[in-house]
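Side chains included, hydrogens not; waters and symmetry mates left out as well; all remaining heavy atoms used.
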Amino acid sequence: MTRLTGRALRLTVFVGENDTWRHKPLYSEIVHRAHAAGLAGASVFRGIEGFGASSLIHTTRLLSLSEDLPVAVVIVDTEPRVRAFLSQLDDIVTEGLVTLEDCEVIRYVGRGGIPGATDTRGKESS
């Protein structure tokens, strides 16, 4: 069972939806590396509109610009674990924005620790 409460660090990586690493979506590579590093969790959020260093606005409203929408990968864990993970981003995030923010986790418990909850395969835990 994973438990995380109290002070934590939130890592957010902003990249483009079309950014890749070895022919795979970059956001997917970040999530898989976070998982392999044993971090508490990672989520990917797809933006509906935004712009970055290129100053080009990407939006879902215009078909000609609906490609390469902004994507944010958010990871929350203890500060030492997140900071140790940062080096894994150095060689794969060539364009984008990486931010760190202090945060407070109120409650984080993995599904395996809640009776009656289902795991990632839909099986009920005891």
Non-hydrogen atoms of [X] and [Y] that approach each other most closely:
| X | Y | result |
| --- | --- | --- |
| Ala8 | Val76 | CB-CG1, 3.9 Å |
| Ala37 | Phe85 | CB-CD1, 4.0 Å |
| Ser87 | Ala84 | OG-O, 3.4 Å |

Per the side-chain hydrogen bond (donor to acceptor under 3.5 Å, both in side chains) rule, what does the pair list look like for residues 73-85, sequence neighbours excluded?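 Qualifying pairs, neighbours excluded: Asp77-Arg81, Glu79-Arg83.
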[X] vs [Y] side-chain heavy atoms within contact, under 4.5 Å:
| X | Y | value |
| --- | --- | --- |
| Ile106 | Thr5 | no |
| Val31 | Val73 | yes |
| Thr20 | Pro25 | no |
| Asn18 | Leu26 | no |
| Val74 | Arg10 | yes |

Under the 3.5 angstrom rule, does the side chain of His32 hit a backbone N or O of Ser28 as a donor-acceptor pair?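 It does hold such a pair.
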Can you tell me if Arg33 uses its side chain to pair, donor with acceptor, with the backbone of Gln88 under 3.5 Å?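 It does hold such a pair.
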Using the rule that two of Ile, Leu, Val, Met, Phe, Trp, Tyr join whenever any of their side-chain heavy atoms come within less than 4.5 Å, decide whether Val44 and Leu97 are in one cluster.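 Different hydrophobic clusters.
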Side-chain heavy atoms nearer than 4.5 Å, only ILVMFWY residues, links allowed to pass through others: does that put Trp21 and Phe14 together?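 No, Trp21 and Phe14 fall in different hydrophobic clusters.
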Of the options Thr12, Ile30, Val13, Leu9, which is the one that meets Ile75 in a side-chain contact (heavy atoms from CB on, under 4.5 Å)?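 Of all the options given, the one that passes is Ile30.
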Tell me whether Glu104 is salt-bridged to Arg7, with the criterion being a basic N under 4.0 Å from an acidic carboxylate O.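 Not counted as a salt bridge, because no side-chain N and carboxylate O are separated by less than 4.0 Å.
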Distance check, rounded to the nearest 0.5 Å: Leu69 atom CG versus Arg46 atom CZ?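 The CZ atom of Arg46 is 4.5 Å from CG of Leu69, to the nearest 0.5 Å.
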Let me see the working for Leu11 and Val98 under side-chain contact (heavy atoms from CB on, under 4.5 Å), right down to the final yes or no. CA-CA 7 Å; Leu11 165 67; Val98 178; 3.4 Å; yes
